[in-house]
There are 2 protein chains.
Amino acid sequence: MKIRKEYTCPLEIIHDILKGKWKTVILWQINHLKKVSLSQLEKDIKGISQKMLLEQLRELREFGLVDKINYEGYPLRVEYFLTEGKGEKIIEALEIMQKIGREYIEEQKKKNTDKKVGN
Amino acid sequence: MKIRKEYTCPLEIIHDILKGKWKTVILWQINHLKKVSLSQLEKDIKGISQKMLLEQLRELREFGLVDKINYEGYPLRVEYFLTEGKGEKIIEALEIMQKIGREYIEEQKKKNTDKKVGN
DNA sequence: CGGTATCCTTCGCGATACTG
DNA sequence: CAGTATCGCGAAGGATACCG
């Protein structure tokens, strides 16, 4: 369990929520597919292991960003999805950051072409 | 250097931007104080070492979220501040996440009092 | 005061094997 | 298909000493 007993500052949680290599990508992907199975996520998120995926999904659920439904019967089937409140809200934050990411990429490209051109 | 040579996906950057225990807190604190010296940040951010602070500040500067001014003369003096574009923008994202953090804290409190009451 | 370098510990995470 | 358990390595991060 990586979640602390108690938080005093909301900022500490921000860190824990997005801590780890995969959380943001998982959230992003779930938002993209809306309702998605474990195996689907595993296919779509390149390089992630099932163990990591499950670990991170569990944490995201504990924070109330993600939820899941277990369907009865065989073969087993589950659906992961963002929670209406916090889950969908955090996508807004990720979108802002994603734009900043784009800006950064653009700047780097520009720097590189400038270098090649002359200086 | 923890920043990669090149990014293909903006989401990878989101992770790198907020990676590490301290980045969000540092950004938050700089935003709060607007222009701030290293020693001031060190005092205000509880538990951080000077080494970590400088390390993270450097990364934030490389991403263009933070910038600094070096003043001439002794004693040495610098001022760290958020960049107008990306720096101030990311605060919006942090604010959203901070609210989610608050929600989570409230829920936990409620759960605890409910437990005490009965069940 | 601001910043760099080094050493050492802890923990994230990948690989792998196993269960219902 | 969904999920748990174990183990080992490398990176993150804390402490500390030193430089301009």
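Residue numbers begin at 1 in each chain, while the letters A, B, ... track the order of the sequences.
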Just compare C:dG12, C:dG3, D:dA2 and give me whichever is closest to any side-chain atom of A:Lys19. C:dG12

Would you say that A:Leu76 contacts A:Tyr71 through its side chain, given a criterion of any heavy-atom pair below 4.5 Å between the two side chains? no

Any A:Leu57 side-chain heavy atom under 4.5 Å of A:Ile30 side chain: yes

Atom CG of A:Leu60 and atom C1' of D:dG3: how far apart are they, to the nearest Å? 16 Å

B:Glu103 vs B:Lys99, test: salt bridge (Lys or Arg N to Asp or Glu O under 4.0 Å). Steps then yes/no. CA-CA 6 Å; B:Glu103 272 185 56; B:Lys99 279 179 199 165; over 6 Å; no

Give a yes/no answer on whether the side chain of B:Tyr80 brings an N or O atom under 4.0 Å of OP1 or OP2 in C:dC1. no

How long is the line joining CG of A:Leu54 and C1' of D:dC1, in whole Å? 11 Å

What nucleotide, of D:dG13, D:dT4, C:dC1, holds the atom closest to the side chain of B:Pro75? C:dC1

State, yes or no, whether a side-chain contact exists between B:Ile17 and B:Glu59 at a heavy-atom distance under 4.5 Å. no

For atom CG of B:Asn70 and atom C1' of C:dG2, their distance in whole Å: 9 Å

Tell me: CD of A:Gln56 to P of C:dC13, nearest whole Å? 6 Å

With the side chain counted from C-beta on, respond yes when B:Ile100 and A:Ile13 share a heavy-atom pair under 4.5 Å apart, and no when they do not. no

Please determine whether a side-chain nitrogen of the Lys or Arg among A:Glu106 and A:Arg102 lies less than 4.0 Å from a carboxylate oxygen of the Asp or Glu. no

Give the rounded distance in Å between these two atoms: CG of B:Asp16 and C1' of D:dA12. 13 Å

Would you say the side-chain atoms of B:Lys23 pair up with the backbone N or O of B:Lys19, donor to acceptor, closer than 3.5 Å? yes

When you measure from the side chain of B:Lys86 to the backbone N and O of B:Thr83, does any donor-acceptor pair fall under 3.5 Å? no

Interatomic distance, B:Arg77 CZ vs C:dG3 C1' [rounded to whole Å]: 17 Å

Report each atom pair, protein N/O against N/O of nucleotides 9-11 of chain D, whose distance is under 3.5 angstrom.
none

Using whole Å, what does the distance between atom P of nucleotide C:dG12 and atom CG of A:Leu53 come to? 18 Å

Provide, to the nearest angstrom, the distance between the CD atom belonging to A:Glu59 and the C1' atom belonging to C:dG12. 10 Å

Whether A:Glu79 and A:Arg77 form a salt bridge (side-chain N of Lys/Arg under 4.0 Å from carboxylate O of Asp/Glu) is what I want to check. yes

For DNA chain D, find the residues of residues 36-46 of chain A with a heavy-atom distance under 4.0 Å and give them by number; none if there aren't any. A:Ser37, A:Leu38, A:Ser39

Minimum side-chain heavy-atom gap A:Val36-A:Gln29 below 4.5 Å: no

Taking protein heavy atoms under 4.0 Å as touching, what does nucleotides 14-20 of chain C look like 5' to 3' if B marks base contact, S marks sugar-phosphate-only contact and - marks none? BB----B

Just wondering, do A:Ile69 and A:Phe81 contact through their side chains at under 4.5 Å, heavy atoms? yes

